[in-house]
Amino acid sequence: MSDAGPTRSRRPGLSAGAYIIAGVMLAAIGAVGAWLQHDARGRSTEPRTEFTAHNPPAGLPTALTTGQRLHWSRCTSPPTARTGYDCATMKAPLDYRKPDGRTIDVALIRRKATGPNARRIGSLVLNFGGPGVSGVSGLPERLGQYEPLLDRYDLVSFDPRGVGATIPVRCGKSADDTRYDGADACAERSRALLPYIGTSHTARDLDLMRYLLGDERLHYFGVSYGTALGAVYAHLYPSHVGRLVLEASVDPTENLDEAQVSQVKAVQAAFDRFAAHCAARIRHCPTGEGPEEAARRMARLADRLEKKPAPAGAGRNLDADDLAYAVSDHLDRGTEGWTSLAKALTALIDHNDGRPLSKGADGMGSADRATPSDSSRAALVAITCADSSLRPGFERLARDKARVKAASPVFGAAWSTGVYLCYDWPFDGERATLQVNADGAAPVLVVGGTGDPNTPYPGARHMARALGDGVGVLLTAREEGHGSYPQNRCVAEKVDHYLRTGRTPAPGTVCRGSMS
């Protein structure tokens with residue numbers, strides 16, 4: 001839809017005074033009308049116009065395209081979504097090579113746009129990363145970050161294949177066990193699903209979703225792993241690309257092993273910057289007088305925790321690997337997490353109290369990462385291994401482990417265990433690196449932070465280049481932390497402007513931030 005509003009012409013034959021009086025009356029009437037068309041929460045209460053798309057995905061049976069409607073109703077779960085959200089289920093082929101065969105149910109959630117119909121652009125589909133993160137649970141948790149876009153978009157998210165309510169992967173000791181108990185357990189519990197949960201399959205679900213949401217083109221905001229999903233979609237459906245934001249981008253030119261080395265170097269660099277700040281600005285800094293001393297102190301702390309883990313609350317203990325992952329999670333928050341990290345390390349070093357460090361860490365990487373409350377760990381492994389064709393033997397594993405360990409004195413040992421992630425996976429992966437070239441697509445906005453410890457900044461540059469000339473547009477944030485939207489005001493303004501108008505910032509635009 002056009003972003004321009006309708007134009008009005010004045011009727012001839014009125015005096016200037018009459019124009020003024022008429023204008024005041026029209027303004028008053030308009031104000032009352034606008035008030036009547038919005039409820040107490042600011043949502044538009046005028047009759048809603050549903051959009052209709054006319055370009056269904058090719059090759060699918062009509063029962064899944066023109067014959068399918070999304071039936072939105074009040075969400076029953078999670079509890080945070082029971083007010084103000086709608087949920088629906090989308091039928092999709094399990095195997096897109098056999099579109100007339102078995103179907104799956106894809107769980108969707110929506111927060112309807114608050115603005116008037118004439119200004120609504122369509123749906124903005126959100127993926128919050130992972131892989132393994134539920135969009136159905138994630139949208140209510142993260143709504144505040146994207147709420148300014150509700151005047152123009154329905155905000156929509158979903159559970160990707162293998163996650164949450166969409167054919168969840170089971171890798172535990174029993175059918176209802178959500179924990180990850182290794183590749184053999186995955187094969188035993190989820191063998192029929194594992195070949196069909198990789199990113200390319202989910203990207204095809206996205207195109208069916210786009211059509212059923214009524215959009216001719218997909219408008220999408222992907223974060224971290226979500227950038228891989230959005231880029232693969234652009235490669236598969238370049239003519240269906242609308243306004244795509246890829247924020248905190250992964251590197252499509254690196255395979256899984258290379259990405260592990262790059263990431264551990266990036267998180268070490270972020271820790272070094274924290275240690276330098278701590279030494280200069282924080283009294284009684286727990287990491288000492290700079291990065292070199294910080295590395296020595298962390299090594300001693302890791303040795304201590306390896307011998308005797310520290311209590312971390314709720315019956316959990318914090319060992320050496322937990323220490324590395326929890327510190328990394330604090331660094332993901334950028335400079336906002338530095339003060340709390342210093343306090344948490346002080347509590348751990350001086351009082352053997354692991355609670356503050358564990359409490360401030362993300363569940364996927366903290367002391368409870370081995371036993372998450374849902375199947376996110378199993379989904380992460382399954383999707384990662386479905387995407388990656390690397391299946392190294394033991395000799396290669398030993399070399400790769402040593403390489404990762406040597407890349408970081410603080411985090412290398414913990415990260416090095418990642419080389420085993422897919423070596424005994426029961427199915428082949430799709431390819432070594434992502435295929436993302438999207439020649440002919442509309443411009444895609446790629447956002448990268450120069451101090452990102454999770455998806456290093458070179459990945460964003462490589463992503464923008466790999467999408468193709470005239471497609472990938474890089475926006476750089478001189479910012480600490482994993483992701484810069486909406487924390488960095490400049491980034492938020494550039495991204496929101498692009499999503500509202502379709503106009504990208506000039507190539508090479510740089511937003512100042514905590515690293516400026």
Side-chain angles (χ1 to χ4, degrees), residues 224 248 251 259-306 310 312 318-350 354 356-362 364-367 369 403-418 448-459 477-484 487 513-516:
S224 196
D251 192 333
Q260 286 175 328
V261 173
S262 294
Q263 188 193 60
V264 77
K265 287 181 177 178
V267 72
Q268 179 66 52
F271 179 77
D272 289 347
R273 293 190 295 272
F274 156 75
H277 169 86
C278 185
R281 304 293 295 274
I282 298 177
R283 289 187 63 190
H284 309 299
C285 172
T287 53
E289 296 301 317
E292 290 186 5
E293 185 178 352
R296 291 192 294 270
R297 290 193 179 192
M298 292 294 287
R300 291 196 296 269
L301 179 58
D303 287 342
R304 190 182 94 191
L305 294 173
E306 194 62 33
L318 188 129
D319 63 19
D321 283 354
D322 297 326
L323 168 67
Y325 284 106
V327 170
S328 172
D329 290 338
H330 279 267
L331 296 173
D332 276 354
R333 293 161 53 195
T335 55
E336 181 182 319
W338 284 2
T339 300
S340 62
L341 176 56
K343 291 179 180 178
L345 286 175
T346 297
L348 181 59
I349 293 170
D350 293 349
L357 189 64
S358 181
K359 184 178 180 181
D362 176 78
M364 288 290 288
S366 63
R369 71 186 188 284
R403 189 161 60 106
V404 175
K405 190 173 181 179
S408 166
V410 176
F411 305 94
W415 260 245
S416 67
T417 60
T450 54
D452 195 316
N454 200 313
T455 50
Y457 174 69
R478 297 198 181 281
E479 197 70 81
E480 293 281 358
H482 185 40
S484 52
Q487 300 91 324
S514 59
M515 298 185 72
S516 297

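Of the residues listed (Pro453, Ser408, Pro456), the one engaging Val264 in a side-chain contact (heavy atoms from CB on, under 4.5 Å) is Ser408, and it is the only one.
Put simply, the side chain of Trp338 reaches to within 4.5 Å of the side chain of Glu480, judged on heavy atoms. At least one side-chain heavy atom of Leu348 sits less than 4.5 Å from a side-chain heavy atom of Leu318. Tyr457 has its side chain out of reach of Asp452: every pair of non-hydrogen atoms, C-beta onward, lies at least 4.5 Å apart. Side chains of Met298 and Leu323 form a contact here, defined as non-hydrogen atoms less than 4.5 Å apart. Side-chain atoms of Arg296 and Arg300, non-hydrogen and from C-beta on, do get closer than 4.5 Å to each other. Between Ser340 and Pro356 the shortest side-chain heavy-atom distance does not fall below 4.5 Å. In this structure, the side chains of Gln260 and Gln263 stay at 4.5 Å or more apart for every pair of heavy atoms. When side chains are defined from C-beta on, Val327 does not count as touching Val267, because their heavy atoms never get closer than 4.5 Å.
Using bins of under 30°, 30° to 60° and over 60° for the plane-to-plane angle, the ring pair Phe271/Phe274 lands in the tilted bin.
Taking a 6.0 Å sphere around CD of Glu293, one finds it holds more than 12 heavy atoms contributed by other residues, nucleotides or ligands.
Scored by the salt bridge (Lys or Arg N to Asp or Glu O under 4.0 Å) test, Arg403 finds Asp400 as partners (sequence neighbours excluded).
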